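Everything below concerns the one structure shown next.
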Amino acid sequence: MTPLDRALDRAPSRKLHAVKLLHIDTMQDEQLDLIFKALADSTRRRIIDHLSRHEAQSLFEVCAASVAEDGVALSRQTVSQHLSVIEKAGLIETTWKGRTKAHSLRITEDHTAAASWLANYKEKEPTI
């Protein structure tokens with residue numbers, strides 16, 4: 001039994017948190033940078049939000065949704081660049097529907113672990 005296993009046995013309520021921390025430690029810094037870069041821009045977060053509600057969206061559909069949902073017209077080139085950043089982070093996957101590239105949200109354990117990483121630094125309430 002490893003020291004980590006012994007510590008987890010003594011504190012089962014912290015087991016899930018420790019597993020997520022271990023997962024973050026093994027994740028490459030470059031991958032974390034890509035994930036946070038993708039989430040750093042409000043336009044990319046809106047695109048991710050749209051893809052969470054609508055699967056397999058083409059570039060045209062993402063552009064149209066930007067106008068319909070936000071009232072902001074984005075060029076195809078701008079949306080394509082944002083989709084590229086999101087795809088490099090591994091947050092979306094692309095498939096082909098005929099001659100059209102379709103984008104779908106793909107959240108993995110790495111992405112969930114990256115999001116929970118910030119919880120390590122949340123100010124803890126003092127115990128009495």
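FYI, side chains are in, hydrogens and waters are out, and symmetry mates aren't considered; it's all heavy atoms of this structure. Computed from a prediction, not measured in an experiment: that's the story for all the values here.
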Expected list for residues 62-76: side-chain donor-acceptor pairs under 3.5 angstrom, two or more places apart:
unit_1	atom_1	unit_2	atom_2	d
Ser66	OG	Val72	O	2.8
Glu69	OE1	Arg53	NH2	3.1
Glu69	OE2	His50	ND1	2.9
Glu69	OE2	Arg53	NH2	3.0
Asp70	OD2	Arg46	NE	2.9
Ser75	OG	Thr78	N	3.1
Ser75	OG	Thr78	OG1	2.9

Distance-only donor-acceptor pairs under 3.5 Å for side chains of residues 84-101, two or more places apart:
unit_1	atom_1	unit_2	atom_2	d
Glu87	OE2	Thr94	OG1	3.3
Lys97	NZ	Ala56	O	3.1

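The shortest distance between side-chain heavy atoms of Gln31 and Leu34 falls below 4.5 Å.
With values rounded to the nearest 0.5 angstrom, Arg45 atom CZ is found 11.5 Å from Ile47 atom CD1. In this structure, Asp41 CG and Gln81 CD are separated by 11.0 Å, a value rounded to the nearest 0.5 Å. Taken from CG in Leu59 to NE2 in His82, the straight-line distance is 11.5 Å, to the nearest 0.5 Å.
Placement of Leu83 and Phe60 in two distinct hydrophobic clusters is found when ILVMFWY residues are connected by side-chain heavy-atom separations under 4.5 Å, directly or transitively.
Qualifying ring pair (Phe, Tyr, Trp, His ring centres under 6.0 Å) partners for Phe36, counting only residues two or more places apart in sequence or in other chains: Trp117.
Of the possible polar contacts, one joining the Ser52 side chain to the Asp49 backbone as a donor-acceptor pair under 3.5 Å is found. Remark: the backbone N or O of Leu39 is not paired with any side-chain donor or acceptor of Arg44 at under 3.5 angstrom.
Between Leu51 and His103, the shortest heavy-atom distance links the atoms CD2-O, 3.4 Å.
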